[in-house]
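Heads up, the thing below is written out as structure tokens.
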Amino acid sequence: HNSPSRRCPCCTDPTMQSEEQENAPRTKQAQRGVSMLISIGLVCGLSMTLQSLPSGQRLELPSAVVNDKYDLNFGVEVGDHVDANNGNATFRCEWKHNGTLDACFDLLSRRLDEREISHRQPWIVLGDSTMNKMVTALVSGLHRPDLIAPGVSLKLKMLRRNDRRCQWMVYFGFPALNNDIDPDDRIPWVLPNYSRGEGPVLYGAKNPFCYDSSTPVGQLHNIFLNSSSANPEFTEALTTLEYFAVDSARDVSLPTKTTTTTQETALRYLRKQYQGNKSANTTQSASASSSTQQQDNRAICIVNTGLHDMIIPNITTRLYVHNVLDYWKLLLTTDDERFHPACAHLIWVSTSATMGFDKVIRNDFIEEWNQALLDLFSSSSKRTPTQAILTASFLRDHITIVDVYDNSLHAKHMDNVHLDPEEYYAPFSILFLNLTTHQLQKSLENE
């Protein structure tokens, strides 16, 4: 892919690219902005890999960490560095090369039990196409028999699905976007500000309300018990599994009139989908109110971002860490007393390794960024004033890191960033399969 052409090299249907472009809403502002974007080549399966730069254009990325010191006013203090192999077993586990995920299951199941996470709380996955592939493997695994107990299987009912990168606003419950909408009713869209570390950079920067990723398949499933001996109560869905795409730590693909980032739009959707209005519950009777309080609809969130962030022009470690902190704050806290935080617990999946074919999405940068986030969990970490609530203690209590880097570094890849489904995504999904069934097994024991 030495040519800067933006034609999708991975579409099985040669008309897919033109059809998406025809359906994608456009603005003159976006078309003018595209002329300023750097020339980019695409790698199959992920429209995000820089291959060439025009003359005079330099893409500056962070150099490797020197002496483990960061020049961050909100990161770790100079000289303070968290050892990835010591002192963090209470909030971090690692999937090593030729190793298992048993330690991760033990850690996460214990942490979820300690926080009394209900089996009915939804499982929400946010990330790029690498996370989407894990969810696809997880959905396949949930169809296996005897997961809960002998003779007891699970039944999935798909409630919603989206497989077009320019139809996510519809998925989130907004009307279809087209040029026939009255200008006063149109949702404003502006080009991403790269000085703030905003994405998208590629297709999504050219086509408003579209993602860079070509295959972010959104999906929402209800999970039921499928057993003749099951308690009649379980004719209702036990829990929910949902995935939606968020490509970068500060993603502005899907703004609305009241939100700026895709994350904020997703949060608005999560509140509507799972929480409702908390203040409305105060008008209920005492017994009903007690029941409402017992049902915690905050999600168990599985999140990653990193690969797409690396192609943002002039991105730095400092800016990436800052945006991830804002992302975590959005999911784990609330500034609206009507709602609970979106996530009861956040499982952060470290960014996986690449094959090393790309000059921008590089493993030394990935290692640096993964370490920079881990350093935030040290006791001496600082924050900007708006991030002050995210103390090291708060992060250790509310976030568990699943470090997949070592395994992904040695695992078979299908392209520069995607790994082999059978060798990587399937066994990785089993961790969350076992956690889901662990929560459901508890529900049977309590009946």
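- Of the possible polar contacts, none joining the K96 side chain to the L101 backbone as a donor-acceptor pair under 3.5 Å is found.
- R268 is linked by a salt bridge (charged side-chain N to carboxylate O under 4.0 Å, His left out) to nothing, counting only residues two or more places apart in sequence or in another chain.
- A donor atom on one side chain and an acceptor atom on the other are not found under 3.5 Å apart for N314 and S195.
- With contacts defined as side-chain heavy-atom distances shorter than 4.5 Å, the pair L241/T436 does not qualify.
- Side chain to side chain, D403 and S350 meet the donor-acceptor criterion of an N or O pair below 3.5 Å.
- For D102, the side chain to side chain contact (heavy atoms under 4.5 Å, CB included) partners two or more places apart in sequence, or in a different chain, are T100.
- With values rounded to the nearest 0.5 angstrom, I430 atom CD1 is found 12.0 Å from M134 atom CE.
- Partners of D113 by salt bridge (charged side-chain N to carboxylate O under 4.0 Å, His left out), not counting sequence neighbours, listed by chain and number: K442.
- Contacts of P421 classified as side chain to side chain contact (heavy atoms under 4.5 Å, CB included), with partners at least two apart in sequence or in another chain: M414.
- Residues satisfying the side chain to side chain contact (heavy atoms under 4.5 Å, CB included) criterion with N98, sequence neighbours excluded, are absent altogether.
- Between the side chains of S253 and D251, a donor-acceptor pair is found at a separation under 3.5 Å.
- Counting heavy atoms from C-beta outward, P341 and R298 have side chains that approach closer than 4.5 Å.
- Within the 3.5 Å criterion, the main-chain N or O of T261 finds a donor-acceptor partner in the side chain of E264.
- Between the side chains of H322 and T384, no donor-acceptor pair of N or O atoms lies under 3.5 Å.
- With no hydrogens or angles considered, no side-chain donor-acceptor pair links D128 and S213 at under 3.5 Å.
- For an aromatic pair to be called close, the ring centres must be under 6.0 Å apart, and Y203 with Y211 fails this.
- Remark: the backbone N or O of H398 is paired with a side-chain donor or acceptor of H345 at under 3.5 angstrom.
- The distance from atom CG of D415 to atom CG of D420, rounded to the nearest 0.5 Å, is 11.0 Å.
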side-chain contact (heavy atoms from CB on, under 4.5 Å) between D309 and N323, worked out: CA-CA 10 Å; D309 297 84; N323 288 341; 5.6 Å; no
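- Screening L138, V135, L159, L156 for a side-chain contact (heavy atoms from CB on, under 4.5 Å) involving H221 leaves a single residue, L156.
- In this structure the side chain of T354 reaches within 4.5 angstrom of the side chain of I366, judged on heavy atoms.
- A side-chain donor-acceptor contact under 3.5 Å links T400 and R111.
- The main-chain N or O of K412 is found under 3.5 Å from a side-chain atom of E423 such that the two form a donor-acceptor pair.
- Counting heavy atoms from C-beta on, the side chains of W189 and F209 come closer than 4.5 Å.
- For P427, the side chain to side chain contact (heavy atoms under 4.5 Å, CB included) criterion is met by W95, not counting sequence neighbours.
- Donor-acceptor pairing under 3.5 Å is lacking for the side chains of W369 and T351.
- Expressed to the nearest 0.5 Å, how far CD1 of I124 lies from OH of Y243 amounts to 12.5 Å.
- Looking at S129 and H418, their side chains do bring a donor and an acceptor atom within 3.5 Å of each other.
- Other residues, nucleotides and ligands place more than 12 heavy atoms under 6.0 Å from the CG atom of N193.
- Atom CZ of residue R196 and atom CG of residue L319 lie 9.5 Å apart, to the nearest 0.5 angstrom.
- Of the N and O atoms on the side chains of D326 and Q387, at least one donor lies less than 3.5 Å from an acceptor on the other residue.
- At a cut-off of 3.5 Å, with distance as the only test, no side-chain donor of T265 or T262 sits close to an acceptor on the other residue.
- If you check the side chains of S378 and R396, you find no donor sitting under 3.5 Å from an acceptor.
- The shortest side-chain heavy-atom distance between L419 and Y425 falls under the 4.5 Å cut-off.
- To the nearest 0.5 Å, atom CG of residue L307 and atom OG of residue S352 are 5.5 Å apart.
- Remark: the backbone N or O of V246 is not paired with any side-chain donor or acceptor of Q263 at under 3.5 angstrom.
- Counted by atom type alone, E242 and Y274 present one or more donor-acceptor pairs between their side chains at under 3.5 Å.
- Here the side chains of R92 and L374 are in contact, with some heavy-atom distance below 4.5 Å.
- For the residue pair N363/E367, the side-chain donor-acceptor check at 3.5 Å is not satisfied.
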